[in-house]
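Values in this document were obtained by computation on a predicted structure and should not be read as measured data. Every chain is numbered from 1, with letters handed out A, B, ... down the list of sequences.
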Amino acid sequence: MSGAAREPSSVAITRRRLLRWGVGGTLLLGVGSLVWRARRAPLAEPAWAAGPWKVLSRVEAVIVAAVAARLLDPGDAENAAAPDLLAVTRFFDRFLHLAHPEVRRDLRALLGAFDGVGPLSVGLPGRFVNLPLDEQARVLVRWERGPHPMRMGFTALKQLSFMAHYGRDATWPALGYDGPIVPRGYAGGEGAWFDPAWAAADGDDLVGADGRRRKASAT
Amino acid sequence: MIVKGRSLTKAFHRRCDVVVVGTGAGGAMCARQLARAGRDVVALEMGGFHRPSEFTQREDEMLPMLFQERAARATKDMSVTVLQGRGVGGSTVHNTNLCKRTPDAVLDEWARRFGVSGWSPAEVAADFAATEKDLSVSVLGEAQLNAANRIMKTGTEALGWKGGFLSHNRVGCVGSGFCELGCAFNAKQNALKVLIPDGLAAGLDVYSDCEVTAVKVERGRAVGVSGRYVDADGLPLGEFEVSADAVVLAGSAVGTAALMLRSGLPDPHSEAGRHLHLHPGAPVAGVYDEPVLGWKGIPQSWEVMEFLDFERDDKRVWIVGNFAHPIGTATNLPGFGPEHARLMGEYAHLVVFTPMLHDRTEGRVTVTRRGRIQLQYTLSAGDREQMALGLRESARLHLAAGAKRVVVPFVEPVEVTSERDLGLITAERLGPLELPVLAVHPMSAARMSGSAKDGVVRPDGRHHQVENLYAADGGLFPTSIGVPPQISIYTAGRIVARHVDAALPRAS
């Protein structure tokens with residue numbers, strides 16, 4: 001018998017492979033079952049979760065708020081502003097609305113996975129939004145320091161939450177940050193720069209579908 | 001004139017001599033030069049046209065307005081945040097005005113390794129000088145050091161390191177410190193303030209809010225572009241076409257490579273999108289006893305050159321001061337919850353140094369089937385060693401300058417209070433997402449070369465496979481350049497414009 005003939009074919013079912021498949025399949029079914037049960041667990045939905053949202057579902061809005069509440073919890077930090085969870089959720093919704101469809105799909109999948117699988121990553125049943133606060137923090141630490149896919153998820157949630165939170169004036173006094181120095185509508189910088197001779201013109205009166213250019217009108 | 005695409009209601013078609021895609025350093029310079037040469041030029045910009053009065057100094061408003069992907073662009077594995085400009089003027093609107101020429105050693109390397117002719121130090125010296133004159137470049141001095149950069153200078157001198165004042169393109173700067181959110185005082189001598197008005201005066205037409213989605217090629221020649229005009233949020237409103245005798249792509253290394261890929265341009269050696277360099281950097285925060293208020297004043301006026309030697313592979317780190325407003329700082333500090341809030345409570349006492357790599361790592365720009373840009377970039381072993389060196393030396397600099405402690409924002413943060421702790425900062429810790437890594441200088445993804453086998457365009461900016469198609473941005477650079485690239489990119493726009501003009505027939 002030749003050496004080649006002794007090699008098992010790529011589809012041959014050996015006892016070891018059968019055992020591996022069996023154990024893997026059982027684990028997968030177990031995890032799937034836990035996630036399924038978690039997703040069916042009751043969820044307290046505050047009235048504001050109803051939206052209106054451009055992208056988020058009610059459940060996703062609740063998940064965003066729960067995650068942001070933990071990420072932005074100021075604890076006993078001196079004078080630190082409490083998070084405005086509605087504002088953070090609105091920020092997520094707008095970000096998703098304007099994101100590339102693939103980014104939107106991935107982020108929404110992340111929210112679902114984080115809520116359903118997040119607790120399992122620290123050995124807890126149920127969904128993230130229903131965990132006690134200290135357990136929620138444990139889940140976040142696990143995702144912050146865990147395998148790369150978890151870190152990616154944590155990083156996305158952290159960055160969006162912090163972008164929403166620290167853009168608010170209310171968060172600045174605790175930092176000693178005095179904010180913008182120009183008043184709204186400040187036009188002092190226009191000065192010599194803005195020459196009406198090349199003023200930007202609004203409107204499609206400039207170039208029509210026929211490609212002909214018409215007289216520009218300054219705004 | 002400038003036409004705002006967001007105000008258009010009908011599809012349009014334009015015919016011109018040259019269409020330039022992108023209005024940042026390379027595009028604006030190229031468009032202006034060609035308009036001055038008497039060409040009928042249209043410049044297309046995917047972002048908006050904004051006046052200084054719109055620069056509100058608020059991160060929540062400016063990050064979405066002035067940056068690609070609402071300032072959330074990152075590599076595919078999210079390990080590097082890539083901040084790139086969007087809007088008329090491109091990244092020159094939000095950059096911090098640093099002006100350095102491409103180092104001679106880098107230009108020599110391009111000639112030696114890639115057969116790049118016409119870019120020797122002697123050949124480009126006049127173009128660099130002309131660019132610097134255009135932008136009123138001058139060296140800063142003591143009076144322009146803010147508190148954070150003064151601390152950096154103190155540390156540099158205490159250690160006896162090589163350092164110095166940076167050159168900038170700013171005139172009439174009031175030191176408000178909001179450079180990266182657009183200058184409300186219009187002190188930046190950038191593409192938006194200098195080149196676009198010059199171009200308009202010479203007959204240039206600029207269309208903002210016009211995203212190019214394809215280069216049109218007929219019988220091996222570029223004949224124009226097509227795309228869609230968009231609203232203020234970047235959502236599509238309608239379509240347009242511009243026909244031209246020559247097409248210049250200047251939408252940044254990332255945007256140009258992505259457009260080449262989306263357009264399905266001939267690329268027999270699969271070069272488009274490859275070789276991406278980023279100049280990755282990471283923050284090292286010193287906590288000082290006294291409030292520093294690091295956000296006030298010019299953010300980057302001093303540099304450390306001790307660990308940057310273009311002749312050596314083991315010294316590829318440039319250290320510069322850096323400071324961010326609250327969102328930028330919060331997203332880069334480690335942790336979350338009360339621990340993070342307490343660290344943010346020390347915001348006024350923070351000084352941040354950033355080691356930036358003259359990187360050897362080569363990443364890649366790709367485009368998904370649905371048109372999404374993806375960046376792949378994983379630090380090589382050699383670059384991880386250099387990053388670790390930069391982090392250690394930045395921490396040492398803080399200690400020498402009097403910091404009471406230094407925070408290196410690894411996922412499990414390293415706190416340095418004495419030189420003994422510097423050994424905790426090792427290359428082994430630098431896996432993806434172990435540390436916030438930032439990049440603002442994408443380069444090389446449509447690089448020039450004398451040979452089509454290892455480059456997308458020729459040294460004059462012409463595409464190797466498609467006639468009448470040029471590139472004129474940082475994507476040209478065959479390697480990382482190791483210094484802030486705006487002067488090099490402006491100058492590339494100037495050089496490529498000259499070749500485009502020479503190649504086009506003159507009306508008799």
Between B:Arg86 and B:Phe67, is NZ or CZ placed under 6.0 angstrom from the six-membered ring centre and within 45° of the ring axis? no
For chain B, which candidate among A:His165, A:Arg94, A:Arg168, A:His97 shows the most heavy-atom pairs at distances under 4.5 Å? A:Arg94
Determine the interplanar angle of the B:His340 and A:Tyr166 rings, folded into 0 to 90°, and report it as parallel if under 30°, tilted if 30 to 60°, perpendicular if over 60°. tilted
Are the charged groups of B:Lys4 and B:Asp209 less than 4.0 angstrom apart, N to O? no
Between A:Ala156, A:Ala137, A:Ala99, A:Gly167, the one whose heavy-atom pairs under 4.5 Å with chain B are most numerous: A:Gly167
Check each atom of B:Pro334 against the heavy atoms of chain A and say whether the ones under 4.5 Å are side chain, backbone, both or neither. backbone
For A:Phe154, is it the side chain, the backbone, both, or neither that has a heavy atom closer than 4.5 Å to a heavy atom of chain B? side chain
Which answer fits A:Leu140, side chain, backbone, both or neither, if we ask what part of it has an atom under 4.5 Å from a heavy atom of chain B? both
Do B:Arg372 and A:Asp106 meet the salt-bridge criterion of a basic N to acidic O distance under 4.0 Å? yes
Can you say whether B:Ala72 sits under 4.5 Å from chain A via the side chain, the backbone, both, or neither, judging by heavy atoms? side chain
Honestly, the part of B:Phe240 sitting under 4.5 Å from a heavy atom of chain A is neither
Heavy-atom cut-off 4.5 Å, strictly under: side chain, backbone, both or neither for A:Asp178 against chain B? both
Is the shortest side-chain N to carboxylate O distance from A:Arg70 to A:Asp73 below 4.0 Å? yes
With a 4.5 angstrom heavy-atom cut-off, could you sort out which part of B:Leu433 is near chain A: side chain, backbone, both or neither? both
Okay, A:Ala69 and chain B: the region with an atom under 4.5 Å from a heavy atom over there is neither
Let me know if B:Leu333 has heavy atoms under 4.5 Å from chain A in its side chain, its backbone, both or neither. backbone
Can A:Arg108 and A:Glu60 be counted as an ion pair, charged N to O under 4.0 angstrom? yes
Verify whether one side chain among B:Thr331 and A:Gln159 offers a donor that lies under 3.5 Å from an acceptor in the other. no
So, A:Glu78 and B:Arg342, do they make that salt bridge, N to O below 4.0 Å? no
